[in-house]
Amino acid sequence: MKLSSRGLVLLLALAMLLTLSGIPAMAQTSSAGAIAGVVLDQQGAAIPGVAVKITDPATNISQEGVTNDAGRYLFPAVPPSTYNITFTKQGFSSRKVNKQIVSVGASMTINATLEVGAVSNVVEVTSAPGAELETVTATVSASVSGASLIYLPLFGADAATLANYGPGVSPEGATAGAMFDQNTFQLDGGNNSNDMDGSMTVYTGSYSHGAFSGATAPPSGVLPTPGDTVEEVKVNSSGQTSDFNGSTGSQVQVVTKRGTNQFHGSAYYYYYDSQIGQANSWDNNHTPSGNLGYTPIPATHDQRYGFTVGGP
């Protein structure tokens, strides 16, 4: 069979795609978290071969692993949620650690000490000592999830604008000394940043900016993310790890909701009018227009509505 140069290129591209598709994304944490730790006996010796299982009660989905020769285990890609963790090995009592909250992009350390006894004996705790202490990175961050996504005021009903509530972030979105156009927005692990200005405020207006005629609009991602559709928003403002090299500003990670064991949903309606409760900017108040001694706010109104549905 004789292939043309174009056919050869397509064949090589297909082979490369098939090769890459077989490589698991073990280190990708931009839309997930990680759980790791070490399992010891009462004398402080490592226990290899311990079966470790993490379960999300909301979906009953679980991941399983086994400790290595040093007694260590790792789950590198854990979707944000609340998990129950069990440790079992023949000759030792089982241990169960409940209600461990995993956040997007965060590594949680859960260590366990097993006592000699029957597997049927279960030692159950609701939290692990130091479980919420971040010992893996020095990243300064803040997360918003749950009811806060619904009840916190969102600029233009866009969850990505919650970046303004992060530590070290100015009202226009400048973070830790970097300009607002240096922020990077990610949606479910993919890049959601504007390629032109990185903020959707300079060259192109965004979904969230209809309410900001004459005022400073907050930075946001290209694709809008209403709060009803989002599981968690995390803002890393400084000290990002080496797996992030998108920009010198903040890293805004948005993760959308998953289904659960029960059907659930919501409906929302958003309305904003420029004549309702919006102050004019300082520049407009001091810039004459026509017969007026100032430049008025352009008359705009914005209304959006939608719904969400999720289930098993």
Side-chain angles (χ1 to χ4, degrees), residues 13-14 16-34 56 59 61 63 75-81 102-107 137 139 141-145 149 154-166 169 173 175 178 180-209 218-259 304 306 308-310:
L14 178 60
M16 182 177 294
L17 178 62
L18 292 175
T19 302
L20 293 176
S21 66
I23 301 176
M26 298 297 287
Q28 183 178 355
T29 59
S30 57
S31 63
D56 181 358
T59 61
I61 294 176
Q63 299 184 41
F75 295 96
V78 182
S81 189
V102 177
S103 298
V104 57
S107 298
T137 71
T139 303
S141 62
S143 296
V144 181
S145 59
L149 287 167
L154 302 180
F155 298 106
D158 185 356
T161 59
L162 284 171
N164 277 29
Y165 294 106
V169 181
T175 304
F180 62 85
D181 60 352
Q182 289 298 306
N183 298 327
T184 294
F185 293 87
Q186 296 175 323
L187 180 60
D188 286 334
N191 182 28
N192 193 33
S193 304
N194 187 319
D195 291 338
M196 296 181 67
D197 56 35
S199 62
M200 297 297 290
T201 61
V202 180
Y203 299 106
T204 54
S206 78
Y207 169 89
S208 62
H209 295 167
S220 66
V222 176
L223 186 65
T225 48
D228 293 58
T229 68
V230 174
E231 180 76 23
E232 181 180 354
V233 176
K234 184 178 183 182
V235 182
N236 299 317
S237 56
S238 64
Q240 290 91 328
T241 54
S242 58
D243 58 354
F244 171 72
N245 61 353
S247 62
T248 60
S250 65
Q251 177 187 15
V252 183
Q253 299 170 293
V254 180
V255 178
T256 55
K257 288 182 177 179
R258 302 176 296 153
R304 289 178 230 118
T308 67
V309 176

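All values below were derived from every heavy atom in this structure, side-chain atoms included, with hydrogens, water molecules and symmetry-related copies excluded.
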Item to check | Stepwise side-chain contact (heavy atoms from CB on, under 4.5 Å) check, Gln63 with Val78 | outcome: CA-CA 9 Å; Gln63 299 184 41; Val78 182; 4.3 Å; yes
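- Looking at Asp56, its side chain never comes within 3.5 Å of a backbone N or O of Ser81 through a donor-acceptor pair.
- Between the side chains of Ser143 and Glu232, at least one donor-acceptor pair of N or O atoms lies under 3.5 Å.
- Lys257 contributes no side-chain N or O that, together with a main-chain N or O of Val230, makes up a donor-acceptor pair within less than 3.5 Å.
- In terms of heavy atoms, Ala34 sits closest to Pro76 at CB-O, 3.9 Å.
- Residues satisfying the side-chain hydrogen bond (donor to acceptor under 3.5 Å, both in side chains) test with Gln182, not counting sequence neighbours, are Thr248.
- There is no side-chain donor-acceptor pair under 3.5 Å between Gln186 and Asn191.
- Annotation: side-chain contact (heavy atoms from CB on, under 4.5 Å) contacts of Val169 (sequence neighbours excluded): Asn164, Thr175.
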Next on the checklist: For Val255 and Asp188: C-alpha separation, side-chain torsions, deciding distance, then whether side-chain contact (heavy atoms from CB on, under 4.5 Å) applies.
Outcome noted: CA-CA 5 Å; Val255 178; Asp188 286 334; 3.7 Å; yes
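- In this structure the side chain of Glu231 never reaches within 4.5 angstrom of the side chain of Thr256, judged on heavy atoms.
- The side-chain hydrogen bond (donor to acceptor under 3.5 Å, both in side chains) check on Asp228 picks up Ser266, with sequence neighbours excluded.
- In terms of heavy-atom proximity, Ala32 sits nearest to Pro80 at CA-CD, 4.2 Å.
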Next on the checklist: Between Val235 and Gln251, is the side-chain contact (heavy atoms from CB on, under 4.5 Å) condition met? List the steps.
Outcome noted: CA-CA 6 Å; Val235 182; Gln251 177 187 15; over 6 Å; no
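- Across all non-hydrogen atoms, the minimal contact from Val233 to Ala159 is CG2-O, 3.9 Å.
- Applying the side-chain contact (heavy atoms from CB on, under 4.5 Å) test to Leu223 and every residue at least two apart in sequence or in another chain returns Leu187, Asn192.
- Atoms OG and CZ, from Ser250 and Phe185 in turn, are 6.0 Å apart once rounded to the nearest 0.5 Å.
- Between the side chains of Asp158 and Thr225, at least one donor N or O lies within less than 3.5 Å of an accepting N or O.
- When the side-chain hydrogen bond (donor to acceptor under 3.5 Å, both in side chains) test is applied to Ser145, no partner is found at least two apart in sequence or on another chain.
- Applying the side-chain contact (heavy atoms from CB on, under 4.5 Å) rule to Val144 yields the partners Ser148, Leu149, Leu152, Leu162; only residues at least two apart in sequence or on another chain are considered.
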